**Q** 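Mind having a look at this structure? Questions to follow.
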Amino acid sequence: MTNDVIVYEVSNAVATIRLNRPDVLNALNHALMQSLYQAVSRADQDESVRAVILTGTGRAFSAGADLTARGDSATSQDSGKTLRECYHPVIERMRAMPKPIVSAVNGLAAGAGMSIALAGDIILAASSSYFLQAFSKIGLVPDAGSTYFLPRYVGEVRARAMAILADRVSAAEAQQFGMVWKVLPDAELIPEAQRMAAHLASMPTRAYALIKQTLNKSLDNDLSAQLEFEAQCQSIASKTEDFREGVAAFREKRPPRFQGR
Ligand code: T3D
């Protein structure tokens, strides 16, 4: 699937979704958000897909909401409505997606573009990329999950400073803060994302789905509730073909051949 604003490709069990409005730094308009939702849903439903890469075309991952898509008067649209209709379904679908998502942040990630990057499971960043909570610079509030992800990833002090000051955070700082798993030289970002996604696609996909579920609940549950949820997920994982294969491979001293079932 390729349309103007999203490129969607599947190769060797990996779906690559690319935000594709490079002239405006992949700013997010209604068409792009709708196509992004469709692409994420498609990767979710396609049984042949076992890992996803999310990235952008050109020098940006995304500059956030398209500020030119609002007509003459910026205040004529209700942003809360736009968020509920266009952004929340994407963020929730990404977090619920039963397959790992690698955010390959190829360039700047600003506003809701940063929120989308943070909704991935493994966040890789090109060394020249940067992150920007651009919202307060234009009189808005961090949205699309930024106030959920950031305090959890980087802690209250840094989350508040990022949201209020809206300073650029370099890829190196983002890694030091704990927002990013690895920073790579620009030319190595996509090859490394592809290597990682190919590896993830060869691993026990159902266990990954359950890992995502347990971690999604972790910071909202108390210990007893989380222990119980882990036990429920382990109960499911321990009945999968992949668990049987993992143990058999260990006993036979050979590499496992996981089928994602
Ligand atoms: O109602 C709702 O939609 C609610 C949802 C809100 C969520 C949000 O994301 S709010 C935050 C929106 N984003 C921003 O405020 C960031 C705006 N952009 C910038 O501040 C700067 O562009 C950057 C700091 C990100 C990058 O600066 P720079 O100097 O590298 O690039 P540039 O020259 O500013 O941008 C290049 C082009 O992209 C330029 O177009 P031109 O002049 O070449 O024709 C610029 O207008 C365009 N562009 C950049 N960001 C956006 C954009 N066009 C539309 N919307 C953008 N967000």
Side-chain angles (χ1 to χ4, degrees), residues 3-7 17-40 54-95 103-120 123 125-151 153-154 159-174 177 179-180 186 189:
N3 60 30
D4 284 344
V5 289
I6 287 284
V7 177
I17 300 172
R18 194 147 45 80
L19 312 180
N20 191 39
R21 299 183 74 214
D23 293 350
V24 287
L25 306 182
N26 302 320
L28 310 166
N29 62 7
H30 190 259
L32 187 147
M33 290 308 292
Q34 284 218 317
S35 296
L36 179 57
Y37 180 77
Q38 285 163 7
V40 171
L54 181 59
T55 191
T57 306
R59 69 179 178 92
F61 179 84
S62 169
D66 188 328
L67 299 177
T68 65
R70 310 184 63 88
D72 292 339
S73 168
T75 53
S76 64
Q77 280 174 35
D78 177 353
S79 288
K81 187 167 180 287
T82 307
L83 287 166
R84 288 184 202 101
E85 288 176 3
C86 296
Y87 289 75
H88 298 183
V90 170
I91 300 295
E92 289 183 339
R93 188 108 202 198
M94 286 176 67
R95 294 306 272 188
S103 293
V105 181
N106 53 299
L108 64 95
M114 176 169 168
S115 309
I116 290 171
L118 296 182
I123 304 167
S127 56
S128 70
S129 68
Y130 67 87
F131 295 83
L132 179 63
Q133 288 282 286
F135 309 93
S136 66
K137 284 181 186 279
I138 54 167
L140 285 182
V141 176
D143 61 23
S146 268
T147 62
Y148 181 89
F149 299 127
L150 269 183
Y153 294 178
V154 304
R160 278 175 194 264
M162 274 187 233
I164 291 169
L165 299 174
D167 285 342
R168 291 183 185 193
V169 173
S170 69
E173 287 171 315
F177 292 173
M179 259 162 61
V180 156
D186 290 5
L189 176 75

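All figures in this text were calculated on a predicted structure; none of them were measured in a lab. Note that these values count all heavy atoms, side chains included, but never hydrogens, waters or copies made by symmetry. When a ligand or atom number is given, it counts from 1 through the structure's own listing order.
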**Q** Quick test: of every protein heavy atom, which one is nearest to atom 54 (C) of ligand 1, and how far off is it to 0.1 Å?
**A**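 The closest heavy atom on the protein side is D66 OD1, 3.3 Å.
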**Q** Near L108, which atoms of ligand 1 are under 4.0 Å from a heavy atom of that residue?
**A**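 Contacts of ligand 1 toward L108, numbered from 1: 25 (C), 26 (C).
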**Q** Could you tell me whether atom 34 (O) of ligand 1 has a protein heavy atom closer than 4.0 Å?
**A**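 Protein heavy atom within 4.0 Å of atom 34 (O) of ligand 1: absent.
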**Q** CD/E85 to CE/M33 distance, rounded to the nearest 0.5 angstrom?
**A**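 If I round to the nearest 0.5 Å, the distance is 12.0 Å.
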**Q** Select the closest option to atom 36 (C) of ligand 1 among R59, M33, R21, K137, judged by heavy-atom distance.
**A**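 Among R59, M33, R21, K137, the closest heavy atom to atom 36 (C) of ligand 1 comes from R59.
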**Q** Answer yes or no for atom 39 (C) of ligand 1: protein heavy atom present at a distance under 4.0 Å?
**A**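 So atom 39 (C) of ligand 1 lacks protein heavy-atom neighbours under 4.0 Å.
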**Q** Just to confirm my output: which protein heavy-atom neighbour is closest to atom 24 (C) of ligand 1, and how far is it?
**A**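 Result: Y130 OH, 3.5 Å.
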**Q** Among all the protein's heavy atoms, is there at least one whose distance to atom 50 (N) of ligand 1 comes out below 4.0 Å?
**A**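 Yes; the ligand atom in question has protein heavy-atom contact below 4.0 Å.
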**Q** May I ask you to list the atoms of ligand 1 that are less than 4.0 angstrom from any heavy atom of A27?
**A**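 Near A27, the atoms of ligand 1 are 54 (C), 55 (N), 56 (C).
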**Q** Within a distance of under 4.0 Å, is there any protein heavy atom near atom 29 (O) of ligand 1?
**A**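 So atom 29 (O) of ligand 1 lacks protein heavy-atom neighbours under 4.0 Å.
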**Q** Can you report which non-hydrogen protein atom sits closest to atom 57 (N) of ligand 1, along with the distance?
**A**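 Result for atom 57 (N) of ligand 1: A65 O, 2.8 Å.
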**Q** Which option, G111, A134, A63, G113, owns the non-hydrogen atom nearest atom 13 (N) of ligand 1?
**A**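 Of the listed residues, A63 has the closest heavy atom.
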**Q** Heavy-atom contacts with D23 under 4.0 Å: which atoms of ligand 1 show up? List them by number with element.
**A**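 Taking each heavy atom of D23 in turn, ligand 1 has 37 (C), 38 (O) under 4.0 Å.
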**Q** Compute whether any side-chain donor of one residue and acceptor of the other, for D186 and S127, lie under 3.5 angstrom apart.
**A**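 S127 and D186 do have a side-chain donor-acceptor pair below 3.5 Å.
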**Q** Check whether any side-chain heavy atom of I123 sits under 4.5 Å from a side-chain heavy atom of V105, and report yes or no.
**A**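 Of all side-chain heavy-atom pairs linking V105 with I123, at least one is under 4.5 Å.
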**Q** Distance below 4.0 Å between atom 20 (O) of ligand 1 and any protein heavy atom?
**A**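 No, no protein heavy atom sits under 4.0 Å from atom 20 (O) of ligand 1.
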**Q** Distance to 0.1 Å, residue and atom name: give those for the protein heavy atom nearest to atom 2 (C) of ligand 1.
**A**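 For this ligand atom, the closest protein heavy atom is R70 NH1, 3.3 Å.
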**Q** So, do Y37 and R93 sit near enough that their side-chain heavy atoms are less than 4.5 Å apart?
**A**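 Yes, close enough: below the 4.5 Å cut-off.
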**Q** Nearest protein heavy-atom contact for atom 17 (C) of ligand 1: which residue, which atom, what distance?
**A**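 Looking only at protein heavy atoms, the one closest to atom 17 (C) of ligand 1 is L67 CD1, 4.0 Å.
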**Q** Would you confirm whether any non-hydrogen atom of the protein falls under 4.0 Å from atom 10 (S) of ligand 1?
**A**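 Yes, there is a protein heavy atom closer to it than 4.0 Å.
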**Q** Among all protein heavy atoms in this structure, tell me which lies nearest to atom 48 (N) of ligand 1, with the distance rounded to 0.1 Å.
**A**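 Its nearest protein heavy-atom neighbour is V24 O, 3.9 Å.
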**Q** Judged by atom type as modelled, is there a donor-acceptor pair below 3.5 Å linking the side chain of D143 to the main-chain atoms of L83?
**A**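 Such a contact is absent between D143 side chain and L83 backbone.
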**Q** Look only at the side chain of Y153 and the backbone of Y148, and say whether a donor-acceptor pair between them is shorter than 3.5 Å.
**A**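 The answer is no, because no donor-acceptor pair under 3.5 Å joins these two groups.
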**Q** Search all heavy atoms of S146 against all heavy atoms of S115 and return the closest pair with its distance.
**A**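 Answer, listing the atom of S146 first, then S115: OG-OG, 2.8 Å.
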**Q** Counting C-beta onward and ignoring hydrogens, is there a side-chain heavy-atom pair between L19 and L32 closer than 4.5 Å?
**A**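 The answer is yes; the side chains approach within 4.5 Å.
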**Q** Near F135, which atoms of ligand 1 are under 4.0 Å from a heavy atom of that residue?
**A**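 Answer for ligand 1: 7 (C), 8 (C), 9 (O), 10 (S).
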**Q** Could you check whether atom 43 (O) of ligand 1 has a protein contact, counting only heavy atoms that fall below 4.0 angstrom?
**A**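 For atom 43 (O) of ligand 1 the answer is no, since every protein heavy atom stays at 4.0 Å or beyond.
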**Q** Output yes when a side-chain donor or acceptor of N106 lies under 3.5 Å from a complementary backbone atom of A60, and no otherwise.
**A**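 Yes; at least one donor-acceptor contact below 3.5 Å.
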**Q** Which residue holds the protein heavy atom closest to atom 22 (O) of ligand 1, what is that atom called, and what is the gap in Å?
**A**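 Ranked first by proximity to atom 22 (O) of ligand 1 is L25 CD1, 3.9 Å.
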**Q** Using a distance-only test with no angle check, is there a side-chain donor-acceptor pair under 3.5 angstrom linking T57 and R18?
**A**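 R18 and T57 do have a side-chain donor-acceptor pair below 3.5 Å.
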**Q** Strictly below 4.0 Å, N to O, side chains only: are R21 and D66 in salt-bridge contact?
**A**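 Salt bridge present between R21 and D66.
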**Q** Within the 4.5 Å heavy-atom criterion, are N26 and F61 side-chain neighbours or not?
**A**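 Not in contact.
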**Q** Quick test: of every protein heavy atom, which one is nearest to atom 7 (C) of ligand 1, and how far off is it to 0.1 Å?
**A**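 Nearest protein contact, heavy atoms only, for atom 7 (C) of ligand 1 is D143 OD2, 3.3 Å.
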**Q** Keeping T55 on the side-chain end and A104 on the backbone end, is there a donor-acceptor pair under 3.5 Å?
**A**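 Answer holds: yes.
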